Amino acid sequence: GATPVAGANRAPRTLAAKCGAGATLTIIGYAPANRSLAQRRALIAAHYLAHGLKLHVRVKFATRTNTNRIRVVTNKQ
């Protein structure tokens with residue numbers, strides 16, 4: 001299984017506090033040539049931010065990349 005990174009829970013909470021209630025974020029999941037994994041990554045992050053921190057989210061994913069990550073982009077309210 002995955003090992004949590006120290007402070008990983010703190011970053012989303014800090015972002016939510018800075019954005020304010022009702023802010024909209026775009027979550028982008030990346031996985032090289034693996035649509036399913038990219039989509040799952042984005043959906044897991046989106047679920048946490050939308051339900052745990054009460055933010056509005058849009059989900060996107062990218063497979064034409066060499067990157068394995070999730071990116072969170074803040075949008076204007």
Side-chain angles (χ1 to χ4, degrees):
T3 302
V5 176
N9 218 11
R10 190 176 0 183
R13 293 185 187 284
T14 300
L15 177 64
K18 286 183 180 181
C19 292
T24 300
L25 304 174
T26 300
I27 312 299
I28 307 167
Y30 295 89
N34 191 333
R35 176 186 168 104
S36 177
L37 179 57
Q39 188 173 20
R40 273 195 318 261
R41 285 178 173 161
L43 290 173
I44 289 168
H47 179 77
Y48 176 74
L49 292 167
H51 298 286
L53 300 177
K54 307 296 184 209
L55 299 172
H56 299 284
V57 295
R58 293 182 194 140
V59 175
K60 297 182 179 184
F61 49 93
T63 57
R64 292 183 179 170
T65 181
N66 292 328
T67 304
N68 282 295
R69 67 179 179 162
I70 296 170
R71 183 175 175 205
V72 179
V73 180
T74 58
N75 302 310
K76 292 185 178 182
Q77 294 184 23

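Since this is a predicted model, take the numbers as computed values, not measurements.
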Acceptor/donor pairs from residues 32-39 side chains to any protein atom, 3.5 angstrom cut, sequence neighbours excluded:
unit_1: Asn34; atom_1: OD1; unit_2: Ser36; atom_2: N; d: 3.4
unit_1: Asn34; atom_1: OD1; unit_2: Leu37; atom_2: N; d: 3.0
unit_1: Ser36; atom_1: OG; unit_2: Arg40; atom_2: NH1; d: 3.0

Check your understanding: Do you reckon Leu43 sits in the same ILVMFWY cluster as Val57, going by side-chain contacts under 4.5 Å, direct or chained?
Key -> no
Check your understanding: According to a 4.5 Å side-chain heavy-atom criterion applied to Ile, Leu, Val, Met, Phe, Trp and Tyr, with indirect links allowed, do Ile44 and Tyr30 form part of one hydrophobic cluster?
Key -> no
Check your understanding: Which heavy atom in Ala42 sits nearest to a heavy atom in Val59, and how many Å separate them?
Key ->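 In this case the closest contact between Ala42 and Val59 is CB-CG1, 3.5 Å.
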Practice item. For Ile70 and Arg41, work out which heavy atoms get closest and say how close. Key: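 Minimum heavy-atom separation between Ile70 and Arg41: CD1-O, 3.3 Å.
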Review point. Measuring from Leu49:CG to Ile27:CD1, what's the distance to the nearest 0.5 Å?
Key: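 Spacing of CG (Leu49) from CD1 (Ile27) equals 4.5 Å.
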Point to revise | Between NZ on residue Lys60 and CD1 on residue Ile28, distance to nearest 0.5 Å | key: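 Result: 6.0 Å between the selected atoms.
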Exercise for review: Please tell me if the side chains of Asn75 and His56 come closer than 4.5 Å, counting only heavy atoms from C-beta onward.
Suggested key: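 A side-chain contact is absent here, since even the closest heavy-atom pair is not under 4.5 Å.
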Point to revise | Under 3.5 Å donor-acceptor, Thr65 side chain and Thr67 backbone | key: yes
